[in-house]
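Read through the structure below, which is laid out as structure tokens, and then see the notes.
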Amino acid sequence: MTVSAVRVATQLPTGRPLAVSFPFADPALPGPGPVTLFPFLLVRAGGATPGSSLEYRAPVTAGTLRVEAGAPRAVSATYVGPLEAGGPSVRLELDHVPVP
């Protein structure tokens, strides 16, 4: 099975960087519509000290990914969950993010 992913990155209001990888079981991004995520989301956030980072494997139920119709190719995504195991939750919503 081939697993591919869309990775989106942003900066939180606190200044910490945040990147979420949305993996799916397909060699390429599917056509427009919802994407079934598999096997988990990979969340990477900047740590409390400069240059440090945290990595968390979130359940796929914590996020959604949708391929939008039209050109250029774009996705919309959400993630609701912690930046680290046991940490406070954040809500990330991205709309029509261009993808290669």
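Keep in mind the model is a prediction, meaning the values are calculated, not measured.
- The nearest pair of heavy atoms linking A58 to V43 is CB-CG2, 4.2 Å.
- Of the inter-residue distances, the one linking T2 atom OG1 with D26 atom CG reads 8.5 Å to the nearest 0.5 angstrom.
- Between S4 and A28, the closest heavy-atom pair is OG-N, 4.1 Å.
- No continuous path of ILVMFWY side-chain contacts below 4.5 Å connects L92 to V80, so the two sit in separate hydrophobic clusters.
- Residues satisfying the salt bridge (Lys or Arg N to Asp or Glu O under 4.0 Å) test with R44, not counting sequence neighbours, are E55.
- For Y56 against L83, the heavy-atom pair with the smallest separation is CB-O, 3.7 Å.
- Considering all non-hydrogen atoms of both residues, R73 and V67 come closest at NH2-CG1, 4.2 Å.
- L18 and A45 get closest at one heavy-atom pair: CD1-CB, 4.3 Å.
- A 4.5 Å side-chain heavy-atom check between P23 and P39 finds at least one atom pair inside the cut-off.
- Under the 4.5 Å side-chain contact rule for hydrophobic residues, L42 and V90 do not share a cluster.
- V8 pairs in a side chain to side chain contact (heavy atoms under 4.5 Å, CB included) with only one of the listed residues (L94, L65, V99), which is L94.
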Next item on the list: Please test L41 against F22 for side-chain contact (heavy atoms from CB on, under 4.5 Å), starting from the C-alpha separation and ending with a verdict.
Entry: CA-CA 5 Å; L41 305 181; F22 295 85; 3.8 Å; yes

Next item on the list: In sequence, state the C-alpha distance, the side-chain angles, and the governing distance for L29 and F24, and then conclude on side-chain contact (heavy atoms from CB on, under 4.5 Å).
Entry: CA-CA 8 Å; L29 195 59; F24 49 92; 3.7 Å; yes

Notebook entry, point to check: Going through the checks in order, is the side-chain contact (heavy atoms from CB on, under 4.5 Å) test met by E93 and T64?
Noted result: CA-CA 10 Å; E93 294 184 22; T64 63; over 6 Å; no

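- Scanning both residues, S76 and D95, for their nearest heavy atoms gives OG-OD1, 3.0 Å.
- Atom CZ of F40 sits about 9.5 Å away from atom OG of S21, to the nearest 0.5 Å.
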